[in-house]
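These figures come from a predicted structure and were not determined experimentally. Count residues from 1 along the sequence.
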Amino acid sequence: MLPTPDTSHVPYQRVYEPAEDSFLLLDTLSSPSETAFLSSRFASPSPSSPFPAPLVLEVGPGSGVVIAFLTAHASTIFGTPHVLTTAIDVSPFACAATNLTVSKAVSENPSTSGFWTSAIQGDLISPFRPGSVEILVFNPPYVPTPDLPAPPPTGLQELKEKTTFEEDSHLLELTYAGGRDGMETTDRLIEALPGVLSQRGVAYILLCAQNKPEEVKGRIRAMGSEGKWKAETVGTSGKQAGWEKLQIVRVWR
C-alpha cells in the first residue's frame, strides 16, 4: 500500500478534511486495474520515443491529499515520473494547504515523484487551454442541498491570518453543498470535459448515490454526436445502501 500524504498542517476549520471520499480516490487510482489503464495510456513505450509529459489536474483539492498522492507516487500510478501536476480551487486557504501537502509528499518520495507546479486559485477549469489536460480528478461538492452557496466574497479571495466563524463556515459549505441532486457544480465540470481534455484524456469523478450515477453516466455517453465517450464505475465504497454510498466514475474516449 502506498503511503498517504501528511495533512496535519491543514486548517480543517476552513479546509475540507480528508474523509472516506478522499481515501476512495486514493484506493481507486492506485488499484492494479487503474494503474494498468493509466500506464498503458501515458507511459512512454521506450526512452527513445518519449510521450510528452501529461498534465494531471485535480479540481477542488481541499487539503491536497489526492494530488499529493498522485504526484508523490507518479512512477507507480502512471508508469512514469515524467508527469506535471497541478490543482485549482476557489479557496486561497485550500491552495496554500495543497502546496504544502504536495511539497512534503514529494520531499518524502523523491525517487517516484512527478513534477509539481503549483495550486491555482480559480473556478473549475477556467484557466486551462482547450485539450491541455490529460488526467483530471474531481471530488466535487456532491451533497444535495436546496441552494448552491455563493462564491467566496472579496474578503475571502486572498489569504489572511484571521477569519470569522461565519467565513470558515462558508468556505466549508463550498466543499460539500452541491445544489439540486448534488450535481450543479459537477454538471458544469462534465459539460467542460470535451473542451479541456486531450484526445487521450481521462477524468475521474466521485459521485454519491443521490447524484443518480447511472443517469450521469448515461448523459456522459451521449455527449457529442459520435458516441465516443465512455463512462464506467471503477471504484466503490463499502457501504451497501443509502445516499452515502460512493463511487468513482472514469470518463474517457
Side-chain angles (χ1 to χ4, degrees), residues 5 7-22 25 55-71 85-104 116-129 132-133 136-193 195-196 203-208 210-211 246:
T7 59
S8 59
H9 54 277
V10 176
Y12 293 136
Q13 69 271 27
R14 63 185 67 95
V15 175
Y16 185 73
E17 183 174 359
E20 182 185 14
D21 45 12
S22 313
L25 276 165
L55 178 63
V56 183
L57 166 66
E58 183 179 12
V59 177
S63 69
V65 67
V66 174
I67 195 65
F69 183 83
L70 296 176
T71 305
T85 61
T86 187
I88 185 168
D89 202 294
V90 296
S91 166
F93 302 96
C95 289
T98 294
N99 280 326
L100 185 50
T101 302
V102 179
S103 296
K104 291 170 68 173
W116 169 247
T117 56
S118 181
I120 304 164
Q121 189 175 348
D123 179 44
L124 295 181
I125 49 83
S126 54
F128 294 91
R129 290 181 294 126
S132 62
V133 176
L136 185 149
V137 179
F138 191 30
N139 182 1
Y142 57 80
V143 177
T145 53
D147 300 295
L148 206 60
T154 302
L156 287 177
Q157 291 181 5
E158 56 186 45
L159 287 173
K160 57 182 182 179
E161 289 187 8
K162 293 184 179 181
T163 54
T164 66
F165 174 79
E166 290 75 18
E167 288 174 329
D168 289 344
S169 297
H170 184 71
L171 289 169
L172 288 180
E173 186 182 17
L174 287 165
T175 71
Y176 69 81
R180 180 179 49 81
D181 292 334
M183 284 295 297
E184 291 190 40
T185 302
T186 305
D187 280 339
R188 288 178 55 217
L189 187 281
I190 290 172
E191 290 170 2
L193 289 181
V196 75
Y204 291 91
I205 302 173
L206 186 140
L207 301 173
C208 76
Q210 282 198 346
N211 300 151
L246 306 173

Student check: side-chain heavy atoms of [X] and [Y] closer than 4.5 Å:
{"X": "E17", "Y": "V10", "value": "no"}
{"X": "V137", "Y": "I67", "value": "no"}
{"X": "L246", "Y": "C208", "value": "yes"}
{"X": "E58", "Y": "L70", "value": "no"}
{"X": "I190", "Y": "F138", "value": "no"}
{"X": "D21", "Y": "Y176", "value": "no"}
{"X": "N99", "Y": "S118", "value": "yes"}
{"X": "I120", "Y": "C95", "value": "no"}

- Message: Would you compute the distance between atom OH of Y142 and atom OG1 of T175 and round it to the nearest 0.5 angstrom?
- Response: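 Taking OH in Y142 and OG1 in T175, the distance rounds to 9.5 Å.
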
- Can you tell me which residue pairs pass the salt bridge (charged side-chain N to carboxylate O under 4.0 Å, His left out) test with a partner in residues 88-104, sequence neighbours excluded? D6-K104

- Task: Can you run down the salt bridge (charged side-chain N to carboxylate O under 4.0 Å, His left out) pairs that involve residues 168-184, sequence neighbours left out, and say none if there aren't any?
- Result: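 Listed once each, the pairs are R14-D168, D181-K212.
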
Can you see which heavy atom on [X] is nearest to which on [Y], and at what distance?
{"X": "T101", "Y": "S63", "answer": "OG1-O, 2.7 Å"}
{"X": "L174", "Y": "P141", "answer": "O-CB, 3.6 Å"}
{"X": "V66", "Y": "S22", "answer": "CG2-O, 4.1 Å"}
{"X": "A87", "Y": "L57", "answer": "CA-CD1, 3.9 Å"}
{"X": "Q121", "Y": "I88", "answer": "C-CG1, 4.4 Å"}
{"X": "A97", "Y": "G62", "answer": "CB-O, 4.2 Å"}

- Under 3.5 Å, is there a donor-acceptor pair linking the side chains of Y16 and N139?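 No, no side-chain donor-acceptor pair sits under 3.5 Å.
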
- Query: Going by distance alone, is a donor N or O of one side chain under 3.5 Å from an acceptor N or O of the other, for T85 and T71?
  - Reply: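 Per modelled atom types, T85 and T71 side chains form a pair under 3.5 Å.
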
- Message: For L207 and M183: C-alpha separation, side-chain torsions, deciding distance, then whether side-chain contact (heavy atoms from CB on, under 4.5 Å) applies.
- Response: CA-CA 9 Å; L207 301 173; M183 284 295 297; 3.9 Å; yes

- Message: Pair V15, T7 - check side-chain contact (heavy atoms from CB on, under 4.5 Å), show working.
- Response: CA-CA 11 Å; V15 175; T7 59; over 6 Å; no

- For side-chain contact (heavy atoms from CB on, under 4.5 Å), just list the numbers for V133 and I125, CA-CA rounded to whole Å, side-chain angles, deciding distance to a tenth of an Å, and then say yes or no. CA-CA 9 Å; V133 176; I125 49 83; 5.7 Å; no

- Message: side-chain contact (heavy atoms from CB on, under 4.5 Å) for I205 and L193? Distances and angles first, verdict last.
- Response: CA-CA 11 Å; I205 302 173; L193 289 181; 4.2 Å; yes

- Applying ring pair (Phe, Tyr, Trp, His ring centres under 6.0 Å), name anything that partners F69, two or more places apart in sequence or on another chain. H73

- Item | Under 3.5 Å donor-acceptor, T86 side chain and A119 backbone | no

